[in-house]
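Here, residue 1 is the first one in the sequence, and each next residue gets the next number.
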Amino acid sequence: MLTKKQSELLRFINERLKESGVPPSFDEMKDALDLRSKSGIHRLIMALEERGFIRRLPNRARALEVIKLPESSTPSPSRGAGRFSPSVIEGTLGRVRSPSPRDAGDDRAGSGVMIPVMGRIAAGTPIEAIQARTHTIAMPPEFLGTGEHYALEVRGDSMIEAGILDQDTVIIRKQDTAETGDIVVALVDDEEATLKRLRKRGASLALEAANPAYETRIFGPDRIRIQGKLVSLVRKY
């Protein structure tokens, strides 16, 4: 499954190859997708290459080959114009209600809450989050608190000093605000999602890794959207 941006870039490259036989430049790709920088194009190209949709030809500048296209040439519409959003969590799935007096002595009160796993999140170089529910996991209510929740599979090692390892599954409470010091899912430029510690620095926001090998990235507040806050973690041994 491709994200909307990945699908748009793949179609653009394919159309240019059909028209002229020459792939577009990175600047042309950036302008066509209305991205702020060419680094976003680099990440999209890498994602398409990893998924087997394109191939970069060696020893040739701007050499890209389209290997295949998605089964449907028109990508399916997604909420938020391609933005990652846990708003796909519907109904009571992933929601923990406030306790009521009736729960006292109710042997169902400790039953697991089914949390949708929404894809992968980068704890390292940001990657685009996959907006598709892959499966669900059961979590004890006492590990969640109230509100709606979703889960993401961690890829990368930038949060290892916060106890978050590659292949862990993080449980996120859906919210659009956070305090400095919180570990959050942050959406950067409406394109890429990453798991980092949030620091407020005056009018700017810093996304701070918990690994000295990674630098802190600082953004204007208009470039960051909070998608949720880390509340729990699942690890398999």
How far does CD of E153 sit from CD1 of I137, to the nearest 0.5 angstrom?
8.5 Å
Which residues pass the side-chain hydrogen bond (donor to acceptor under 3.5 Å, both in side chains) test with D182, not counting sequence neighbours?
none
side-chain hydrogen bond (donor to acceptor under 3.5 Å, both in side chains) involving N14 - partner list, sequence neighbours excluded
none
Hydrophobic clustering (ILVMFWY, side-chain heavy atoms < 4.5 Å, transitive) - are I54 and M46 grouped together?
no
With S204, which residues qualify under side chain to side chain contact (heavy atoms under 4.5 Å, CB included), at least two apart?
I218
Applying side-chain contact (heavy atoms from CB on, under 4.5 Å) to L35 and K5, what does each step give before you reach the verdict?
CA-CA 10 Å; L35 299 183; K5 286 292 186 185; 4.1 Å; yes
I want to check something: taking the side chain as every heavy atom from C-beta on, are V185 and M118 in contact at a cut-off of under 4.5 Å?
no
Rounded to the nearest 0.5 Å, what's the gap from CG on L230 to CE on M159? Could you check?
8.0 Å
List for me each residue that meets side chain to side chain contact (heavy atoms under 4.5 Å, CB included) alongside L198, sequence neighbours excluded, and say none if there are none.
A178, V184, K200, L205, L207, I226
Please list, chain by chain and in numerical order, all residues satisfying side chain to side chain contact (heavy atoms under 4.5 Å, CB included) with I67, sequence neighbours excluded.
R55
Is there a side-chain contact between L17 and V22 (heavy atoms, below 4.5 Å)?
no
How long is the gap from CG on L9 to CG on L64, to the nearest 0.5 Å?
8.5 Å
For R173, check side-chain hydrogen bond (donor to acceptor under 3.5 Å, both in side chains) against everything at least two apart and list the hits.
Q175
R197 and G181: which non-hydrogen atoms are nearest, and at how many Å?
NH1-O, 2.7 Å
Only counting residues at least two apart or in another chain, list the ones meeting salt bridge (Lys or Arg N to Asp or Glu O under 4.0 Å) with E15.
none
Taking every heavy atom of A162 against every heavy atom of A210, the minimum-distance pair comes out as N-CB, 3.7 Å
Restricting to pairs with a member in residues 158-167, which pass salt bridge (Lys or Arg N to Asp or Glu O under 4.0 Å), not counting sequence neighbours?
none
L10: which of V66, L44, I45 passes side-chain contact (heavy atoms from CB on, under 4.5 Å)
V66
Residues V188, I224; criterion side-chain contact (heavy atoms from CB on, under 4.5 Å); working and verdict
CA-CA 5 Å; V188 181; I224 298 292; 3.7 Å; yes
Closest heavy-atom pair and its distance - F12, E28:
CE2-O, 3.9 Å
Side-chain cluster (under 4.5 Å, hydrophobic types only) that L165 belongs to, other residues
I160
Give, for atom CZ of R223 and atom CZ of R217, the distance between the pair rounded to the nearest 0.5 Å.
7.5 Å
Non-hydrogen side-chain atoms of I171 and F143 separated by less than 4.5 Å
no
Can you name the nearest heavy-atom pair linking P24 to M29, along with the distance?
O-CE, 3.1 Å
Residue set satisfying salt bridge (Lys or Arg N to Asp or Glu O under 4.0 Å) with D27, at least two apart, ordered chain then number -> K38
Checking L144 against I115 for the side-chain contact (heavy atoms from CB on, under 4.5 Å) test, could you report, in this order, the C-alpha distance in whole Å, the side-chain angles of both residues, the deciding distance, and whether it holds?
CA-CA 10 Å; L144 301 174; I115 304 295; 4.0 Å; yes
Are V170 and I183 packed together at the side-chain level, in the sense that at least one heavy-atom pair is separated by less than 4.5 angstrom?
no
Kindly give the heavy-atom pair with the smallest separation between M114 and A138, and that separation in Å.
SD-CB, 3.7 Å
Euclidean distance, E8 CD relative to I13 CD1, rounded to 0.5 Å
12.0 Å
Shortest non-hydrogen contact from R235 to L233?
NH2-CD2, 4.0 Å
Just verifying a value: how many Å separate I121 CD1 and Q227 CD, rounded to the nearest 0.5 Å?
9.0 Å
